[in-house]
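Below, all heavy atoms of this structure are taken into account, side chains as well, without hydrogens, waters or symmetry copies.
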Amino acid sequence: MAKETKHVAQQYVFQTVESNIYLYAGHFQRNFPSWHYPREQHQLFELIAVTQGSVTMFMGPRRLVIRAGEAIIITPETPHESFNFSGDRLQFFCFHFNVGDLELKTQIIKNLGNVVAPRTSAVSQAAHQLTRAMVSLEDEPGQSQTRKFQVEIIFLKFMMALSQAQPVMTTVQEYSEREVILAQKLASGLFDDEWARRTFRTVCANLNVSTTYGHRIFKRIYGVTPSEYANERQFSRAKVLLEIGENSIEAIAMQMKFSSQASFSKQFKKWSGLTPSAYRKTQRREHHSADYLG
């Protein structure tokens, strides 16, 4: 007797899928050497995928360096402050997001958050794949609704990679919070109003610490001396202003608080081996050069 075949009226591929994602302010950031973004904290995840240079980030007593090809996911309510100490221009993709799936959110916070994902890790590779997809999206024509769906699809692929990623383990440099805060105050005190340079002795006196101790803490936290940091910051600013080409060299010297154009030219030649006018002639204004002052 033939076996009776049972026919199933309905065969579910899936039943109910609820998706609650929030995407906010995905953007490319291009910054000059000695760039600094002040301490912040917010209620969103923040992905940073570095494509050029490196970002030094402080999270309380922890110091992390995210280099080109690496990435980090900063978890909600985590205070963080960012610097560019590399001496090179910095480029990275920044993406703020949140997810409604509590299990996935917990997994990201517990296993993947606030640690540097190495280049070879699934997290870093997914982050940079997302970055490349966003770059290609910039060049594609399309209606706003279509673009919205494209962004969501790219992001969901990133989320799928995170859901399958192994916990990220990394070595971080830890310092006492007191030392980090002092070093940050020393660095910010080196310039009166972003341009006028102050002596390190004056900065230390204002903070009631000895110059020797201040110098040691500064070098330990930032990896360079106060003088090297201040010189690089001034030199970097001068290069950007010369490349943009909107102001005369005399105006730039005044803006940077030099006593005269001659004094500025002499110092710039010490930094670069070229006079400001010769340097300007060797440079072409880049398409996004205004971003470097942001």
Side-chain (S263) to main-chain (S259) donor-acceptor, under 3.5 angstrom: no
Intermediate values then yes/no, side-chain contact (heavy atoms from CB on, under 4.5 Å), S82 and V55: CA-CA 7 Å; S82 306; V55 176; 4.0 Å; yes
Nearest-0.5 Å distance, NZ of residue K266 to CH2 of residue W271: 13.0 Å
Side chain to side chain contact (heavy atoms under 4.5 Å, CB included) partners for R198, two or more places apart: D192, T202, V203, N206
Residue pairs fulfilling salt bridge (Lys or Arg N to Asp or Glu O under 4.0 Å) with at least one residue in residues 201-212, sequence neighbours excluded: none
Residue among L47, I108, N111 satisfying side-chain contact (heavy atoms from CB on, under 4.5 Å) with L162: I108
By side chain to side chain contact (heavy atoms under 4.5 Å, CB included) - contacts of S54 (at least two apart): V65, R67, S86
Ring-face cation contact, F235 with K239, 6.0 Å cut, 45° max: yes
Side-chain H-bond candidate by donor/acceptor type, E70 with H128, under 3.5 Å: no
Backbone N/O of A122 and side chain of Q125: donor-acceptor pair under 3.5 Å: no
Plane angle bin for F95 and F155 - parallel if under 30°, tilted between 30 and 60°, otherwise perpendicular: parallel
Test item: R30 and F28 side chains (from C-beta on) under 4.5 Å apart, heavy atoms: yes
N/O donor-acceptor pair under 3.5 Å between Q52 side chain and F92 backbone: no
Side-chain donor or acceptor of S121 paired with backbone N/O of P118 under 3.5 Å: yes
Chi angles and distances behind the side-chain contact (heavy atoms from CB on, under 4.5 Å) call for E81, E40: CA-CA 6 Å; E81 185 172 13; E40 64 169 343; over 6 Å; no
Atom CD of Q164 with >12 non-hydrogen neighbours under 6.0 angstrom: yes
F268-Y279 aromatic ring centre distance below 6.0 Å: yes
